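The structure appears below as structure tokens.
When reading the values below, keep in mind they use all heavy atoms of this one structure, side chains included, and skip hydrogens, waters and symmetry mates. In what follows, every chain begins at residue 1, and chains take the letters A, B, ... in the order their sequences are listed. Quick caveat: nothing in here was measured; it's all calculated off a predicted structure.
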2 protein chains.
Amino acid sequence: MGRPTIADIARQAGVSKGAVSFALNGRPGVSEETRTRILRVAEEMKWRPHSAARALGGARAGAVGLVLARPARTLGLEPFFAQLLSGLQAGFSVHSTALQLLVVEDTAAEIEVYRRWASEHRVDGFVLVDLQVRDPRIDVLEELGMPTVVLGGPGKHGKLPSVWADDREAMLSIVEYLAALGHRRIAHLAGLPAFQHTQRRIRALRDAAKRLGLTEALSLPTDFSDAEGAAATRTLLARRERPTAIIYDSDVMAVAGLGVATEMGVAVPGELSIVSFDDSVLARIVHPPLTALSRDTFTLGEQVAQTLLAVLDDPAAAADLKTPTPRLTVRESTAVPRR
Amino acid sequence: MGRPTIADIARQAGVSKGAVSFALNGRPGVSEETRTRILRVAEEMKWRPHSAARALGGARAGAVGLVLARPARTLGLEPFFAQLLSGLQAGFSVHSTALQLLVVEDTAAEIEVYRRWASEHRVDGFVLVDLQVRDPRIDVLEELGMPTVVLGGPGKHGKLPSVWADDREAMLSIVEYLAALGHRRIAHLAGLPAFQHTQRRIRALRDAAKRLGLTEALSLPTDFSDAEGAAATRTLLARRERPTAIIYDSDVMAVAGLGVATEMGVAVPGELSIVSFDDSVLARIVHPPLTALSRDTFTLGEQVAQTLLAVLDDPAAAADLKTPTPRLTVRESTAVPRR
DNA sequence: CTGAAAGCGCTTACAG
DNA sequence: CTGAAAGCGCTTACAG
């Protein structure tokens with residue numbers, strides 16, 4: 001007879017469809033006794049909700065969207081995103097909410113997907129990452145009226161609630177550590193300049209350099225790729241006055257940089273200290289293992305999920321959430337500079 | 001007035017809802033002229049389909065599922081999966097089909113998700129990966145009657161169509177290359193023994209060793225983690241008669257192994273040759289860059305997507321697809337053994 | 001606390 | 001080729 005519907009349950013239990021719906025959704029409107037009976041029947045008949053019917057009836061789609069803009073072929077889903085994804089899923093799955101993931105070519109395509117999924121009622125909300133300096137996505141999402149949680153901040157994300165960590169403090173802690181070791185020439189292989197967090201880190205380095213009286217503190221923008229990370233490292237190490245420490249905005253670039261140093265015969269950490277802004281298995285498996293900024297990205301994902309679920313339940317609940325500032329895990333890629 | 005529905009379009013165009021539906025879906029039942037007019041009106045009104053309503057009406061959910069069983073916290077989505085995911089999405093998005101991704105703890109949970117998503121009509125089909133030796137998922141998916149494409153083979157996947165590459169041939173090409181260089185003691189850090197492809201590779205190495213008259217050809221199973229990859233490498237390199245070459249079943253393990261060799265002062269490739277069964281940015285960014293088996297994982301993903309879409313269109317179209325055998329990309333981690 | 005009914009926005013036989 | 005109607009499986013006012 002195919003899958004059972006609430007009509008089947010209603011007939012079996014001798015009540016109306018409405019009563020079944022109330023009972024199944026834990027809403028008032030049925031007596032405790034009736035509810036129990038209905039739930040038992042539903043269980044016996046192995047009833048499962050039909051997600052499309054639920055969504056049509058006016059309830060939620062039961063899914064949220066995460067859209068990442070990156071060229072399809074070059075997608076090396078970074079460890080950071082892998083961990084974030086895990087955390088998001090763990091957080092959402094507690095409330096049986098699915099995560100719809102899509103990777104698109106660029107921001108324009110990303111916006112198109114937001115419009116499409118919203119108008120198709122495919123998702124109930126969005127998670128927004130990679131906050132840009134002047135981010136065109138913010139306006140679109142606000143206009144669409146879709147519940148959205150932004151990963152990143154503080155500030156610059158319209159009225160959308162955000163979950164953020166203090167990138168500035170994090171960068172300061174790295175620079176202070178390197179300065180304490182005696183480093184005076186520090187380079188920073190930054191990410192895409194269009195990203196807000198890239199700008200924050202660059203500014204933090206500049207400010208710290210002035211305060212600590214460093215000789216040099218250079219931020220070089222990259223596209224986050226291993227290729228640019230390697231190329232920029234090569235350029236830096238080929239200079240006469242080369243930096244004694246390089247801070248990399250991602251673990252992939254840091255490992256690529258380490259590879260270049262090894263290839264050029266520059267000893268790490270003897271002649272060059274390396275710090276990665278992201279910690280991951282990558283930072284651990286190379287030799288020497290990299291000093292890196294550790295944060296609990298899995299938990300971060302869970303928190304983003306919880307924040308979005310809270311907004312879905314009650315739009316007025318939207319509030320920014322600051323997460324703990326990442327801490328430096330010192331491994332073997334950093335040391336007192338030789339000279 | 002909120003989002004337009006086909007009823008609005010019908011009114012505006014002076015036709016019935018049915019006619020609008022036919023026109024919008026490119027089905028026969030309306031004249032070319034009427035169709036054009038309806039499409040224009042839909043365009044003007046910025047109509048978009050409501051996915052839930054479509055699904056309820058009996059059409060497709062417009063989404064397919066990919067469920068990965070791995071412990072949530074340890075999820076380092078490997079480069080292989082990142083690439084595969086990209087390809088899958090590229091392939092599915094051509095037909096506006098979304099990919100619903102979920103990471104679960106184990107196979108039991110994975111099966112539960114298949115049952116749930118199927119009964120909720122949340123997806124139209126599944127992509128199955130990480131084929132196991134006696135895979136309980138096959139029976140479940142066949143019983144559910146869900147269109148499914150298996151990544152892996154040949155054989156051992158019931159009546160479900162599969163897209164596969166020849167792992168045996170691939171392993172043979174590696175061993176033959178190493179033997180030609182003069183290696184006689186070769187070790188193989190294999191993946192989880194429960195996986196079919198692990199068994200295939202182990203068998204291929206054993207067969208090749210016999211044929212080529214190798215002194216030693218040892219396969220050690222691991223859990224694919226960098227930790228076990230490192231530990232096993234350490235054990236191998238500490239032996240009196242250590243292997244002159246190690247084949248790693250994943251890039252993450254190969255990089256971890258390279259780290260251990262560096263740490264132990266074993267020169268690569270002078271004293272130890274390293275080959276990775278998976279190529280990726282990881283294999284390229286370390287120093288020395290790793291000789292690895294290259295395959296076009298992105299295209300593989302696209303092919304899996306196309307195969308599933310074909311099955312969704314016509315269940316009778318199910319057919320296995322063999323993809324090109326991966327080829328060895330020789331880099332700097334392999335050489336003639338020193339002694 | 002409960003029932004009967006309408007409605008969500010589509011698709012799909014069934015008549016004409 | 002086209003129209004009017006029923007139906008997909010839920011949810012949600014609205015009466016009682």
Side-chain angles (χ1 to χ4, degrees), chain A residues 1-39 41-42 45-63 96 116-122 124 312, chain B residues 1-39 41-42 45-63 96 116-122 124 312:
Chain A
M1 64 155 263
R3 35 178 292 136
T5 70
I6 58 166
D8 298 320
I9 298 176
R11 202 178 311 116
Q12 187 77 21
V15 296
S16 71
K17 278 165 49 184
V20 173
S21 179
F22 287 141
L24 255 19
N25 290 298
R27 314 183 73 204
V30 285
S31 67
E32 228 12 84
E33 189 196 336
T34 311
R35 179 188 308 275
T36 310
R37 183 156 44 91
I38 290 173
L39 290 180
V41 173
M45 301 181 85
K46 294 192 178 170
W47 173 88
R48 307 264 195 140
H50 184 136
S51 55
R54 261 205 173 147
L56 231 205
R60 291 183 191 162
S96 324
R116 181 153 51 83
W117 284 3
S119 64
E120 291 179 358
H121 285 208
R122 201 173 258 291
D124 302 309
L312 289 177
Chain B
M1 66 154 266
R3 34 178 294 134
T5 70
I6 57 166
D8 299 318
I9 298 176
R11 203 177 313 117
Q12 187 76 22
V15 296
S16 71
K17 279 164 50 184
V20 174
S21 177
F22 286 142
L24 256 18
N25 291 298
R27 314 183 74 203
V30 284
S31 66
E32 226 16 80
E33 188 196 337
T34 311
R35 180 188 307 277
T36 310
R37 183 156 44 91
I38 291 174
L39 288 180
V41 172
M45 302 181 84
K46 294 191 178 172
W47 173 89
R48 308 265 194 138
H50 185 136
S51 56
R54 261 206 174 145
L56 230 205
R60 289 182 191 164
S96 324
R116 183 153 50 83
W117 284 3
S119 64
E120 291 179 357
H121 285 209
R122 201 172 260 292
D124 302 309
L312 289 177

Any residue of residues 23-39 of chain B with a heavy atom less than 4.0 Å from an atom of DNA chain C
B:Asn25, B:Arg27

Can you tell me how far apart CH2 (A:Trp47) and OG1 (A:Thr5) are? Round to the nearest 0.5 Å.
9.5 Å

How many angstroms lie between CZ in A:Arg54 and OG in A:Ser21, if you round to the nearest 0.5 Å?
7.5 Å

Please state how far atom NE2 in B:His121 lies from atom C1' in D:dC10, giving the value in whole angstrom units.
13 Å

With DNA chain C as reference, determine whether A:Ala19 or B:Gly18 sits nearer its 5' end, using the nearest nucleotide of each.
A:Ala19

Going through the distances and angles, do B:Val41 and B:Met45 end up as a side chain to side chain contact (heavy atoms under 4.5 Å, CB included)?
CA-CA 6 Å; B:Val41 172; B:Met45 302 181 84; 3.7 Å; yes

Check the distance between C:dC8's C1' and A:Ile6's CD1 and give it to me in whole angstrom.
13 Å

In short, B:Ser51 meets A:Glu120 closest at the heavy-atom pair OG-O, 2.8 Å

Just how far, in rounded Å, is P of D:dT12 from NZ of A:Lys17?
14 Å

Base-paired stems in DNA chain C, each at least three Watson-Crick or G-U pairs under 3.5 Å:
C:1-3 with D:14-16, C:5-12 with D:5-12, C:14-16 with D:1-3

Look only at the side chain of A:Arg35 and the backbone of A:Arg27, and say whether a donor-acceptor pair between them is shorter than 3.5 Å.
yes

Side-chain N or O of B:Arg54 less than 4.0 angstrom from OP1 or OP2 on C:dG9?
no

To the nearest angstrom, the CG-C1' distance between B:Leu56 and C:dT11 comes to 10 Å

B:Arg122 CZ - D:dG9 C1' separation (whole Å)
15 Å

Pairwise distance CZ(A:Arg122) to NE2(B:His50) - rounded to 0.5 angstrom:
10.0 Å

CZ-NZ distance between B:Arg11 and B:Lys17, expressed to the nearest 0.5 angstrom
10.5 Å

B:Val15 and its side-chain contact (heavy atoms from CB on, under 4.5 Å) partner, picked from B:Ile9, B:Ile38, B:Val30:
B:Ile38

What is the distance, rounded to the nearest whole Å, between atom CE of B:Met45 and atom P of C:dC10?
11 Å

How long is the line joining NE2 of B:His50 and C1' of C:dG7, in whole Å?
13 Å

Comparing A:Phe22 and B:Ala7 on DNA chain C - which has the more 5′ nearest nucleotide:
A:Phe22

dist A:Asp124:CG -> A:Leu312:CG (nearest 0.5 Å) comes out at 6.0 Å

OP1 or OP2 of C:dG9 less than 4.0 angstrom from a side-chain nitrogen or oxygen of B:Trp47, does that happen here?
no

Is there a side-chain polar atom (N or O) of A:Ser21 under 4.0 Å from OP1 or OP2 of D:dC10?
no

